[in-house]
Participant: 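Before I ask anything, here is the structure I am working with.
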Amino acid sequence: MLKSNRTSIVKIDEVGDLDHIPVSELRALYNYWCAKKGDRVMPSRSDIRPAEIVDLLSKVGLIDVEHAPRRYRLRLLGTEVVLALGQEMTGKYLDEISPSGSGMARLNKLVEQRTGYYVTSQLDWMNRGFQKYQAVFLPLGDEKGEVNMILCGMRPYFQKGYVQGQGVKGGPNRL
């Protein structure tokens with residue numbers, strides 16, 4: 001934990017070990033992904049059944065991976081992810097939202113190494129640096145063994161006074 005003069009802030013951009021995910025919902029998504037992949041390097045999109053993870057869907061997103069050139073398109077975002085982002089971003093490309101940064105580098109590494117990661121970070125790439133989050137990003141593959149989609153789970157740290165679905169008490173309904 002990093003300390004400021006008067007307040008504690010979350011340490012950001014820390015990539016952690018997938019076997020030690022401290023957030024129960026993200027750990028559950030990782031365990032589900034592991035069960036679906038079995039002995040393979042990664043499961044495919046068709047292995048993922050939303051009906052089997054209903055309790056996690058509000059925290060889940062799917063990112064399409066396009067090759068040559070490599071681009072990432074937000075295919076699907078759960079309601080809690082949309083709340084944290086502050087707007088609906090489904091269908092947008094990440095390079096249109098944020099052309100550079102550590103997030104893109106991590107996604108590139110995930111695709112190249114075909115392995116997921118857990119991270120604690122903040123949405124500074126969206127001018128929402130105040131919005132901290134924990135997330136897990138997990139590869140999904142095609143029949144050739146290439147990553148064609150990324151399954152992600154996100155748990156935002158909502159600001160003090162925030163009531164999910166109602167916004168900040170006494171303030172507008174936004175983060």
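Source: prediction; values computed, not measured.
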Participant: For Glu146, is there any backbone N or O sitting under 3.5 Å from a side-chain donor or acceptor partner on His67?
Facilitator: no
Participant: Mind checking whether Tyr93 and Met149 sit in one hydrophobic cluster, side chains of I, L, V, M, F, W, Y counted as touching below 4.5 Å?
Facilitator: no
Participant: Under 3.5 Å, is there a donor-acceptor pair between the Gln113 and Thr115 side chains?
Facilitator: no
Participant: Applying side chain to side chain contact (heavy atoms under 4.5 Å, CB included) to Val136 and Ile21, what does each step give before you reach the verdict?
Facilitator: CA-CA 8 Å; Val136 63; Ile21 299 170; 4.1 Å; yes
Participant: Are side-chain heavy atoms of Tyr32 and Leu56 found at a separation under 4.5 Å?
Facilitator: no
Participant: Hydrophobic cluster membership, with links at side-chain heavy-atom distances under 4.5 Å among I/L/V/M/F/W/Y: are Leu57 and Leu26 in one?
Facilitator: yes
Participant: Between Arg49 and Ser46, is there a donor-acceptor pair closer than 3.5 Å when you use the side chain of the first and the backbone of the second?
Facilitator: yes
Participant: Sequence neighbours excluded, which residues qualify as side chain to side chain contact (heavy atoms under 4.5 Å, CB included) partners of Leu107?
Facilitator: Tyr72, Leu94, Tyr117, Phe137, Ile150
Participant: Decide yes or no for Pro22 and Gln134: does some side-chain heavy atom of the first lie under 4.5 Å from some side-chain heavy atom of the second?
Facilitator: yes
Participant: So Thr79 and Ser58, side chain to side chain contact (heavy atoms under 4.5 Å, CB included) or not? Walk me through it.
Facilitator: CA-CA 5 Å; Thr79 55; Ser58 67; 3.3 Å; yes
Participant: Of all residues at least two apart in sequence or in a different chain, which pass the side chain to side chain contact (heavy atoms under 4.5 Å, CB included) check with Arg40?
Facilitator: Pro43, Asp47
Participant: How far apart are the closest heavy atoms of Val147 and Val111, and which atoms are they?
Facilitator: CG2-O, 3.9 Å
Participant: Heavy atoms only: give me the nearest Gly116-Leu110 pair and the separation to one decimal.
Facilitator: CA-CD1, 4.0 Å
Participant: CZ/Arg71 to CG/Asp95 distance, rounded to the nearest 0.5 angstrom?
Facilitator: 4.0 Å
Participant: Which pair of heavy atoms, one from Val119 and one from Arg106, lies closest together, and at what distance?
Facilitator: CG2-CZ, 3.8 Å
Participant: Indicate the atoms forming the closest heavy-atom contact of Cys152 with Ile63, along with that distance.
Facilitator: SG-CD1, 4.3 Å
Participant: Could you check whether any side-chain heavy atom of His20 comes within less than 4.5 Å of a side-chain heavy atom of Tyr118, counting everything from C-beta outward?
Facilitator: no
Participant: Going by side chain to side chain contact (heavy atoms under 4.5 Å, CB included), name the residues that satisfy it together with Val81, two or more places apart in sequence or in a different chain.
Facilitator: Leu77, Leu85, Met154
Participant: Can you measure from CD1 (Ile53) to CD (Glu25) and round to the nearest 0.5 angstrom?
Facilitator: 12.5 Å
Participant: Tell me the closest heavy-atom pair linking Leu138 and Tyr30, and the distance in Å.
Facilitator: CD2-CD1, 3.8 Å
Participant: Suppose the criterion is salt bridge (charged side-chain N to carboxylate O under 4.0 Å, His left out): which pairs have a residue in residues 26-39, not counting sequence neighbours?
Facilitator: Lys36-Glu52
Participant: Which residue pairs pass the salt bridge (charged side-chain N to carboxylate O under 4.0 Å, His left out) test when at least one of the two sits in residues 108-121, sequence neighbours left out?
Facilitator: Arg70-Glu112
Participant: Ignoring hydrogens, what is the shortest heavy-atom contact between Gly141 and Asn148? Give both atom names and the distance.
Facilitator: C-OD1, 3.6 Å
Participant: With sequence neighbours left out, what residues match Arg75 under side-chain hydrogen bond (donor to acceptor under 3.5 Å, both in side chains)?
Facilitator: Asp64
